[in-house]
Protein chains: 2
Amino acid sequence: MKISSKCEYACLALIYLAEHFGDGLVKIQSIASTKKIPKKFLEQILIVLKQRGYVKSKKGASGGYRLALPPDKITLAEVIRLMDGALAPVESVSKYFYEPTPIEQEERLLGVFREIRDYVAARLERITFRDLISGGRSGESGPRSGKKTARSSG
Amino acid sequence: MKISSKCEYACLALIYLAEHFGDGLVKIQSIASTKKIPKKFLEQILIVLKQRGYVKSKKGASGGYRLALPPDKITLAEVIRLMDGALAPVESVSKYFYEPTPIEQEERLLGVFREIRDYVAARLERITFRDLISGGRSGESGPRSGKKTARSSG
DNA sequence: TTTAAAGTCTACTAAATATATAGACAAACT
DNA sequence: AGTTTGTCTATATATTTAGTAGACTTTAAA
């Protein structure tokens, strides 16, 4: 799991949109300048987020973007997987992006990586964009609400 | 943290050398063919491991490589950091490889990544190459020996 | 003392990935 | 009609990854 700039930008944009959830449409330009994201790069990112259903847009003057879902319905895990692929450190050990890698035969090593994948996935799946905005509940306190032992790894 | 092929090869080579610890020198060629690693690539990797003091070598006919330390003195964390850099998902949150990234200002997000870094680092620092060879203790049972709450993150 | 078998060193290359940028086009509002 | 905003496709550039090539050095055995 290595987060790319593209993925960081996607998170920043979603945080911005989450902070303005309910306020109507916001323009790419204001996301870009507020969060310091190259505008044309951001456009491409937003299209991906739109295709996946996280945001909606409207064209034309007075157009813009908004979240398609409430911030607490979008998890960090989903967004990182969408932008960067597997959360696992090696694809041999990825549920959603499996691919053979050189260490394929080393069961001990794979076991370690599987464990890390499970932790990382579980942690990121518990974080939503509501947890990431100032004013939202903190990721430390809140997650007790909801399924307690849910371990949906990936 | 995304493990490169180079790093996977380094781990495979060290596992092989750990399996032959005490048996004298082994040739690059046998590591390469047993573990299916491109030989010339492996040469470069072994030089890095040698510079860092994990292996020793001898030139000439009947030359070869051996571990410079017992397998339980080399941790997975060290090797991954050496080959791939930071264990953290973003460098903003890396202890040993800090660098600013776009999410620099998002404290909530950084907090999540810091937590992941801490877990990953602590986990990988508890695994040694003794744990990774067949016949070695398993990474699940043994680590109780030694400092219990040691959280040397990075 | 030559020769062969190793490791060492430096350079190069090819492909993939990451990080954008450019510009024409389409829709919506005024 | 004209301006503003999002959309789409292509291109560009840089970096990283994953190797390959070949000359050089050291060691031991013939």
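Convention: sequence-line order gives letters A, B, ...; per-chain numbering from 1.
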J.: Determine, for A:Glu43 against A:Lys40, whether the closest basic-nitrogen to carboxylate-oxygen distance falls under 4.0 angstrom.
T.: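 Here A:Glu43 pairs with A:Lys40 in a salt bridge, since their nearest N and O are under 4.0 Å apart.
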J.: Salt bridge check: are B:Lys2 and A:Glu91 linked by an N-O gap of less than 4.0 Å?
T.: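 Between A:Glu91 and B:Lys2 there is a salt bridge, with a charged N closer than 4.0 Å to a carboxylate O.
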J.: Return the value, rounded to whole Å, for the distance between atom NZ of B:Lys2 and atom P of D:dT17.
T.: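 Distance check: B:Lys2 NZ to D:dT17 P gives 9 Å.
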J.: D:dA28, C:dG7, D:dG6: which one has an atom nearest the side-chain heavy atoms of B:Lys27?
T.: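 The nucleotide sitting nearest to the side chain is C:dG7.
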J.: If I compare all heavy atoms of A:Ile116 with all of B:Leu124, which pair ends up nearest, and what's the gap?
T.: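 Heavy-atom minimum between the residues: CD1-CD2, 3.6 Å.
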J.: Closest to the B:Lys58 side chain: C:dT8, D:dA28, C:dA20?
T.: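 Taking heavy atoms from C-beta onward, the closest nucleotide is D:dA28.
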J.: Measure the distance from CG on B:Leu25 to C1' on D:dT26 and round it to the nearest whole Å.
T.: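 To the nearest whole Å, that distance equals 14 Å.
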J.: What do you reckon, is NZ of B:Lys35 surrounded by more than 12 foreign heavy atoms closer than 6.0 Å?
T.: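 Enclosed: over 12 neighbouring heavy atoms sit under 6.0 Å from NZ of B:Lys35.
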J.: Go through the steps to decide whether A:Ile103 and B:Ile15 satisfy the test side-chain contact (heavy atoms from CB on, under 4.5 Å), and finish with yes or no.
T.: CA-CA 11 Å; A:Ile103 56 171; B:Ile15 286 171; over 6 Å; no
J.: Whole Å only: how far is the NZ atom of A:Lys59 from the C1' atom of C:dA24?
T.: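 Rounded to whole Å, this separation is 13 Å.
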J.: Quickly work out the A:Ile47 CD1 to C:dT21 P distance and round it to whole Å.
T.: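 After rounding, the gap between these two atoms is 17 Å.
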J.: Expressed as a whole number of angstroms, how long is the span from B:Lys39:NZ to D:dT20:P?
T.: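 It is 12 Å, rounded to the nearest whole Å.
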J.: Between B:Tyr9 (OH) and D:dA18 (P), how many Å, whole number?
T.: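 These atoms are roughly 8 Å apart.
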J.: I need the NZ-C1' distance between A:Lys6 and C:dT21, as an integer number of Å.
T.: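 Answer to the nearest Å: 15 Å.
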J.: Any N or O donor-acceptor pair linking the side chain of A:Gln44 to the base of C:dT21 at under 3.5 Å?
T.: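 Counting by modelled atom types and ignoring angles, a donor-acceptor contact under 3.5 Å is found here.
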J.: Looking for any heavy atom pair under 4.0 Å, which part of the strands does B:Lys50 touch: base, sugar-phosphate only, or nothing?
T.: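 Sugar-phosphate contact only.
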J.: Take the C1' atoms of the five end pairs on each side of the helix from C:dT1-D:dA30 to C:dT30-D:dA1, derive the two axes, and give their angle rounded to 10 degrees.
T.: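 The end axes of the helix from C:dT1-D:dA30 to C:dT30-D:dA1 are about 10° apart, to the nearest 10°.
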J.: Among the nucleotides D:dA28, D:dA18, C:dT19, which one has an atom lying closest to any side-chain atom of B:Ala61?
T.: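 For the B:Ala61 side chain, the nearest candidate turns out to be D:dA28.
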J.: How many Å lie between CD on A:Glu43 and P on C:dT19, as a whole number?
T.: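 Answer to the nearest Å: 18 Å.
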J.: How close do B:Ala13 and B:Ile37 get, counting heavy atoms only, and between which atoms?
T.: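 Shortest heavy-atom separation between B:Ala13 and B:Ile37 comes out as N-CD1, 4.4 Å.
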J.: If we ignore hydrogens and angles and just use 3.5 Å, is the side chain of B:Asp72 paired with the main-chain N or O of B:Arg130 as donor and acceptor?
T.: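 No, the answer is negative, given that no donor and acceptor are paired below the 3.5 Å cut-off.
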J.: Specify the residue among A:Gln51 and A:Gly60 whose closest nucleotide of DNA chain D lies further upstream toward the 5′ end.
T.: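 In this pair, the answer is A:Gly60.
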J.: Look at the side-chain N and O atoms of A:Ser5 and state whether any lies under 4.0 Å from the OP1 or OP2 oxygen of C:dA18.
T.: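 Indeed not, no polar side-chain atom of A:Ser5 lies that close.
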J.: Nearest to the B:Lys40 side chain among D:dT7, C:dA20, D:dA23, which nucleotide is it?
T.: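 Side chain of B:Lys40 sits closest to D:dA23.
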J.: Would you classify A:Leu46 as touching base, sugar-phosphate or nothing, given that sugar-phosphate means primed atoms plus P, OP1 and OP2, and contacts are heavy atoms under 4.0 Å?
T.: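 No contact.
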J.: Between D:dG19, C:dG7, C:dA26, spot the one nearest the side chain of B:Tyr65, thanks.
T.: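 Nearest listed nucleotide: C:dG7.
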J.: Whether B:Ser62 contacts D:dA29 is assessed here as follows: a side-chain N or O lying under 4.0 Å from the phosphate OP1 or OP2. Is that the case?
T.: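 False: B:Ser62 side-chain N/O out of range (4.0 Å or more) of D:dA29 OP1/OP2.
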J.: Can you tell me if A:Ser4 touches the phosphate of C:dT17, counting only side-chain N or O atoms and a distance under 4.0 Å to OP1 or OP2?
T.: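 No, A:Ser4 has no side-chain N/O under 4.0 Å of OP1/OP2 on C:dT17.
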J.: What are the two closest non-hydrogen atoms of A:Tyr98 and A:Glu104, and how far apart are they?
T.: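 Minimum heavy-atom separation between A:Tyr98 and A:Glu104: OH-OE2, 2.5 Å.
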